[in-house]
**Student:** 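The following block contains the structure, expressed as structure tokens.
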Amino acid sequence: MILDTSLSIALKDELGRYNIGNINLFKIEEANNIFKLMKIKLKNKNTVMVSLKCPLCEKWHSFNYCINDMINQELIVCGCKTLGTPVLFIGENDRVSDRVKQYNRVIKETYAIF
């Protein structure tokens with residue numbers, strides 16, 4: 001069995017749009033070069049800590065994930081701890097892309113109403 005270690009990360013910006021970056025699980029800390037308002041580091045051999053400056057409330061939020069969860073789950077959703085709105089997606093490339101397309105479409109339609 002071949003293990004797919006590629007992940008996509010989508011982070012919401014100040015305008016409500018999601019920006020996507022692709023990384024390899026074995027080089028997960030390279031995401032720090034893609035997103036300036038997000039920091040990822042290995043806490044130990046099994047745990048990844050994700051910290052981000054929330055584009056909604058402008059506070060720093062931290063999340064801890066087991067590496068096995070990042071491999072086995074199709075999509076991890078991190079939300080603003082103040083507002084409960086999703087600000088970060090981590091997971092399989094197709095799942096993240098589909099979710100981002102869905103959210104960006106809703107945002108575009110919402111702005112079109114106004």
**Student:** Short question: side chain of N32, backbone of I40 - any donor-acceptor pair under 3.5 Å?
**Tutor:**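 At least one qualifying donor-acceptor pair exists.
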
**Student:** Whether the S6 and N24 side chains hold a donor-acceptor pair (N or O, under 3.5 Å, no angle test) is what I'd like checked.
**Tutor:**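 Distance-only check fails for S6 and N24.
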
**Student:** How many angstroms lie between CD1 in I23 and CD1 in I28, if you round to the nearest 0.5 Å?
**Tutor:**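 I23 atom CD1 to I28 atom CD1 measures 4.5 Å (nearest 0.5 Å).
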
**Student:** Evaluate the criterion side chain to side chain contact (heavy atoms under 4.5 Å, CB included) for residue pair L7 and N22; output intermediate values, then yes/no.
**Tutor:** CA-CA 6 Å; L7 292 174; N22 297 311; over 6 Å; no

**Student:** Does K101, at its NZ atom, have more than 12 non-hydrogen atoms belonging to other residues, nucleotides or ligands within less than 6.0 Å?
**Tutor:**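 No - once you tally the heavy atoms of other residues, nucleotides and ligands closer than 6.0 Å, there are 12 at most.
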
**Student:** Roughly how far apart are D94 CG and R99 CZ, rounded to 0.5 Å?
**Tutor:**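 Going from CG on D94 over to CZ on R99, the span is 13.5 Å.
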
**Student:** Output the distance between atom CG (L42) and atom CD1 (I67), rounded to the nearest 0.5 Å.
**Tutor:**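 Result: 5.5 Å between the selected atoms.
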
**Student:** For residues 16-25, pull every pair meeting salt bridge (charged side-chain N to carboxylate O under 4.0 Å, His left out), keeping only residues two or more places apart or in separate chains.
**Tutor:**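 Qualifying pairs, neighbours excluded: D13-R17.
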
**Student:** Under 4.5 Å between side-chain heavy atoms, hopping through other hydrophobics if needed: is there a path connecting Y65 to F35?
**Tutor:**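 The answer is yes; both residues are in one hydrophobic cluster.
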
**Student:** Just how far is it from atom CE of M38 to atom SG of C54, taken to the nearest 0.5 Å?
**Tutor:**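 Reported value, rounded in 0.5 Å steps: 13.5 Å.
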
**Student:** When you group the ILVMFWY residues by side-chain heavy-atom contacts below 4.5 Å and let the links chain together, are M70 and F63 in the same group?
**Tutor:**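 Yes, one cluster joins them.
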
**Student:** Can you pull out every side-chain hydrogen bond (donor to acceptor under 3.5 Å, both in side chains) where at least one residue sits in residues 39-57? Sequence neighbours excluded, please.
**Tutor:**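 Matches after skipping sequence neighbours: N44-T47, S51-S62.
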
**Student:** If hydrophobic clusters are built by linking Ile, Leu, Val, Met, Phe, Trp and Tyr wherever their side-chain heavy atoms come under 4.5 Å apart, do L25 and I76 end up in the same one?
**Tutor:**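 Yes, it is one cluster - the side chains of L25 and I76 are joined through contacts under 4.5 Å.
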
**Student:** Hydrophobic cluster mates of V96, side-chain heavy atoms under 4.5 angstrom, ILVMFWY only, any path?
**Tutor:**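 Members besides V96, by chain and number: Y18, I20, L75, V77, F89, V100, Y103.
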
**Student:** Quick check on E58: does its CD atom have over 12 non-hydrogen neighbours (other residues, nucleotides or ligands) under 6.0 Å away?
**Tutor:**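 12 or below, so no.
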
**Student:** Starting at NZ of K81, measure out to CG of L56 and round the result to the nearest 0.5 Å.
**Tutor:**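 Output value for this atom pair is 14.5 Å.
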
**Student:** Quick check on the hydrophobic clustering: are L52 and L37 connected, directly or via other members, by side-chain heavy-atom contacts under 4.5 Å?
**Tutor:**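 No; L37 is not reachable from L52 via cluster members.
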
**Student:** Using side chain to side chain contact (heavy atoms under 4.5 Å, CB included), reason through C80 and H61 one step at a time and then give a plain yes or no.
**Tutor:** CA-CA 7 Å; C80 172; H61 303 307; 3.6 Å; yes

